[in-house]
Structures are given as C-alpha cells and as structure tokens.
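Along the sequence shown, residues are numbered consecutively beginning with 1. Every heavy atom of this structure was used, including side-chain atoms; hydrogens, water molecules and symmetry mates were not.
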Amino acid sequence: MRATRMRQRRTTMSALNLTAPAFRIALLALATLTLVPDTATTARAGELPAIVSRQRSEKKSFTDGEIVEGFLKTAFGAEYHLAGRVDRIRKFDGPVRVYAESDRADRKTQLAKVVNDIATRVQHLDIAMTTTSEAANVRVKLVRDRDLYRTLTSFYGAEKAREIRTSLDPQCLSGFRKNDNFEIEHSDVILTVDNGDFVFLDCAYEELLQSLGPINDTTSVPWTMFNDNVSMGYFDVYDQYILNLLYDPRIKAGMTVAEVKAVLPAVLKDVRAWVKRVNDLKE
C-alpha cells in the first residue's frame with residue numbers, strides 16, 4: 001500500500017502574458033539562469049538570503065490548538081494515494097536509514113546535513129545516512145530536472161507518471177509503502193539537483209519529513225511546509241512540533257484520530273518542552 005505526495009512546480013511566467021516567440025526566448029533565458037546554481041559552490045542553509053529572511057520572520061509561538069490542528073491535518077490523509085486506507089497514523093517503527101543515489105557529491109553533502117538536522121530536532125527518531133542501498137529503508141534519488149519524469153515512470157509506471165505530470169507537475173516527490181499495521185516499511189524520495197540551492201533544500205526537508213509519515217498537504221495551515229503555498233528551506237519550529245508528536249512512542253502506527261486525541265494532551269506537554277529546549281525558545 002503506497003501513499004505519495006509531491007511539491008508542485010512554481011512559476012511566475014504565466015503572469016507575463018508574453019507572445020509565443022517572446023515566451024520561448026524568456027523560457028530559454030530562464031533555463032540558462034536555472035543552470036547556474038548547478039555548477040555554483042553549494043551554500044549552507046544558513047547562508048542563503050532566502051532562508052535567513054524566513055528564519056528572521058518565523059512564527060515560533062503557537063497555541064495547543066494550532067499545533068494539534070496541523071498535526072491532525074498532515075498525519076492523516078494523503079495528497080495522492082495509490083492504494084490503502086489513509087485514516088490511520090503512519091510512521092516508521094524502528095531506525096530510519098537514508099541512502100542517496102547520485103553522482104553529485106555536493107548535493108549528497110547537503111542531504112546528509114538535512115538528515116543530521118532532522119535527527120537533532122526529533123527526539124524519538126533514530127535517523128541517519130547509510131552508505132549502502134541494502135541497509136536503507138529510505139532511498140533518495142537525486143536527478144536532473146530533465147530526468148524527473150523518466151524517473152517517475154520507472155517508479156510508478158507510465159500511466160501513473162503521466163497522471164502525476166498532468167495533474168501536479170511536481171518539482172520533487174516522496175512516497176512510502178506501509179504494511180497492514182500502518183508501519184512504514186520503505187520510502188522513496190525524488191529530488192532535482194539543478195534548480196538551485198533554495199529549491200533543493202526546500203524540497204529535501206519537506207519530502208524527507210513527509211516520507212516519515214505526515215504525507216498529507218494542507219492549504220489551511222499557514223505555518224507548515226506541508227502546504228504547497230509555503231516554502232521554508234529549513235526545519236521550522238512548527239513542523240518540529242508535528243514530527244515530534246508523530247514520533248513520540250505514545251503515538252503508534254495504526255491509531256485512529258480518536259485514539260490520538262486521547263493521548264495528545266500528555267504528549268504535547270512533553271513535546272513542547274523538547275522543542276523549546278532544542279531551539280532555545282524563550283516562551
């Protein structure tokens with residue numbers, strides 16, 4: 001049983017109202033510019049102006065109701081699912097090992113930093129990189145943008161790949177396979193490497209985190225990266241709440257909404273203390 005989500009591609013080109021020849025020229029210019037970061041020196045997340053500005057304005061204080069709303073809306077359901085029920089908690093029940101398939105050493109280094117950051121900020125999640133695909137239960141395939149749909153076809157078949165491309169035109173994608181107990185057994189993540197540092201980091205954080213369980217996107221929660229209208233590029237405080245709730249041992253794979261609500265008050269109290277400590281929050 002597999003659930004899948006994707007980050008949809010963003011563009012401002014449709015607002016320009018260009019004539020056909022001018023549009024082709026503009027697309028060519030955009031393609032040329034897009035290729036520049038592919039050979040540029042990779043920046044760390046904290047050095048990217050787009051990320052720094054978001055961190056400075058980030059909302060870090062939330063009510064219990066705001067946190068619970070986002071958790072329930074992302075941990076249940078699925079943006080795009082191929083089979084199986086989506087009304088239960090889905091999560092890994094054991095260590096998570098991530099393998100990166102790519103010849104791009106710079107992107108693999110960035111991905112390893114993302115994984116380490118997630119490990120540092122989610123208390124009960126054992127996640128780390130591995131150097132062998134055999135030891136991995138999360139496989140991250142790093143591809144050029146031009147190879148994205150060929151990769152989708154190899155993963156999901158031609159018919160589903162066309163459906164995904166037509167309806168969502170994703171920039172990156174993740175999906176997982178779960179067993180009858182709703183425990184995630186394996187996740188696949190596809191990231192493009194040549195759309196710039198910010199897009200890579202934004203996709204890497206979102207897709208890796210969603211491959212761990214909270215795979216449903218929601219447009220009604222403005223603070224989460226699990227919202228296609230929101231781009232972060234780093235592991236924000238609000239989503240740390242969501243992942244720490246999900247991986248608390250009292251939240252178990254297969255739980256219903258009612259079962260989760262029964263234990264959430266006690267879990268949230270402990271999660272608040274952890275997130276406050278790991279982020280040095282003043283509240």
Problem - Those residues that, when tested against F200, pass ring pair (Phe, Tyr, Trp, His ring centres under 6.0 Å) (two or more places apart) - result: none
Fill in the blank from the handout: Value for NE2 (H124) from CD1 (I251), rounded to nearest 0.5 Å, stands at 11.0 Å
Practice task
Evaluate side chain to side chain contact (heavy atoms under 4.5 Å, CB included) for D87 paired with V257, printing each intermediate quantity in order.
Solution key: CA-CA 8 Å; D87 59 346; V257 172; over 6 Å; no
Practice task
Keeping the roles fixed (side chain from R90, backbone from A75), state whether a donor-acceptor pair exists under 3.5 Å.
Solution key: yes
Practice task
Identify the heavy atoms of A136 and T130 that sit nearest to each other, and give their distance.
Solution key: CB-CG2, 3.8 Å
Handout entry: Electrostatic pair R272:D64 at N-O distance under 4.0 angstrom
Key = yes
Handout entry: Co-membership, hydrophobic cluster, residues L268 and Y247, 4.5 Å side-chain
Key = yes
Problem - Heavy-atom side-chain proximity of N216 to F226 below 4.5 angstrom - result: no
Exercise for the section: Report whether V260 and V267 are members of the same hydrophobic cluster (ILVMFWY, side-chain heavy atoms less than 4.5 Å apart, transitive linking). Expected result: yes
Problem - Beyond-backbone contact of E69 with T74, side-chain heavy atoms, under 4.5 angstrom - result: no
Handout entry: Main-chain N/O of L246 paired to K91 side chain as donor or acceptor, under 3.5 Å
Key = yes
Practice task
To the nearest 0.5 Å, tell me how far D93 CG sits from E185 CD.
Solution key: 11.0 Å
Practice task
Measure the shortest side-chain to side-chain distance between L212 and I184 over non-hydrogen atoms and say whether it is less than 4.5 angstrom.
Solution key: no
Exercise for the section: Considering non-hydrogen atoms only, spot the tightest contact between F92 and S187 and give its length. Expected result: CZ-OG, 3.6 Å
Problem - Side chain to side chain, Q210 and M225, heavy atoms closer than 4.5 Å - result: no
Completion exercise
In this structure, SG of C203 is separated from CG of L191 (nearest 0.5 Å) by 6.5 Å
Practice task
Check whether any side-chain heavy atom of L201 sits under 4.5 Å from a side-chain heavy atom of I51, and report yes or no.
Solution key: yes
Handout entry: Residues which pass side chain to side chain donor-acceptor pair (under 3.5 Å) with T131, listed by chain and number, not counting sequence neighbours
Key = none
Problem - Any side-chain heavy-atom pair of V96 and V115 under 4.5 Å - result: no
Handout entry: Heavy-atom donor-acceptor pair, E101 side chain to R139 backbone, under 3.5 Å
Key = no
Exercise for the section: State plainly whether one hydrophobic cluster holds both I215 and F71, where clusters connect Ile, Leu, Val, Met, Phe, Trp and Tyr through side-chain heavy atoms under 4.5 angstrom apart. Expected result: yes
Exercise for the section: Just do the side chain to side chain contact (heavy atoms under 4.5 Å, CB included) check on I89 and F76 with the steps written out, would you? Expected result: CA-CA 6 Å; I89 286 291; F76 293 94; 3.7 Å; yes
Exercise for the section: May I ask you to say whether K178 pairs ionically with D180, meaning some side-chain N is under 4.0 Å from a carboxylate O? Expected result: no
Practice task
Establish, from distance only, whether the side-chain atoms of E183 and N179 form a donor-acceptor pair under 3.5 Å.
Solution key: yes
Exercise for the section: With rounding to the nearest 0.5 Å, note down the distance linking CZ in R104 to OG1 in T109. Expected result: 10.5 Å
Exercise for the section: For the residue pair F235 and Y205, categorise the inter-ring angle as parallel (less than 30°), tilted (30 to 60°) or perpendicular (more than 60°). Expected result: tilted
Problem - Any donor-acceptor pair under 3.5 Å from Y234 side chain to V52 backbone - result: no
Fill in the blank from the handout: All heavy atoms of N227 vs all of V221, minimum pair found to be ND2-O, 3.1 Å
Completion exercise
Between N244 and Q240 the two heavy atoms that sit nearest each other are ND2-O, 2.8 Å
Fill in the blank from the handout: Looking only at heavy atoms, the pair that brings F176 and S211 closest together is CD2-O, 3.8 Å
Practice task
For the residue pair I118 and V114, establish whether any side-chain heavy-atom pair is separated by less than 4.5 Å.
Solution key: yes
Practice task
Check the side chains of S220 and K73 for a donor-acceptor pair under 3.5 angstrom, ignoring hydrogens and angles.
Solution key: yes
Problem - Contacts of type side chain to side chain donor-acceptor pair (under 3.5 Å), residue T224, not counting sequence neighbours - result: D239
Handout entry: Side-chain donor or acceptor of R54 paired with backbone N/O of D236 under 3.5 Å
Key = no
Exercise for the section: Mind telling me whether Y238 and W223 have parallel, tilted or perpendicular rings, with 30° and 60° as the class edges? Expected result: tilted
Handout entry: Sequence neighbours excluded - salt bridge (Lys or Arg N to Asp or Glu O under 4.0 Å) pairs with any residue from residues 251-271
Key = R250-D270
Completion exercise
Residues passing the side chain to side chain donor-acceptor pair (under 3.5 Å) test with R121, sequence neighbours excluded, are D117, N279
Problem - Lys/Arg-Asp/Glu bridge criterion (N-O < 4.0 Å) met for D126, R97 - result: yes
Completion exercise
d(L173 CG, T151 OG1) to nearest 0.5 Å is 10.5 Å
Practice task
Could you tell me whether R144 and D147 make a salt bridge, using a distance below 4.0 angstrom between a side-chain N and a carboxylate O?
Solution key: no
Practice task
Using the rule that two of Ile, Leu, Val, Met, Phe, Trp, Tyr join whenever any of their side-chain heavy atoms come within less than 4.5 Å, decide whether L125 and L245 are in one cluster.
Solution key: yes
Fill in the blank from the handout: For W274, the ring pair (Phe, Tyr, Trp, His ring centres under 6.0 Å) test, sequence neighbours excluded, returns none
Problem - OG1 on T192 to CG on D145, rounded to 0.5 Å - result: 5.5 Å
Exercise for the section: Check whether M232 and V199 end up in the same hydrophobic cluster, where Ile, Leu, Val, Met, Phe, Trp and Tyr are linked by side-chain heavy atoms less than 4.5 Å apart. Expected result: no
Practice task
Can you see which heavy atom on G254 is nearest to which on R88, and at what distance?
Solution key: O-NH1, 3.1 Å
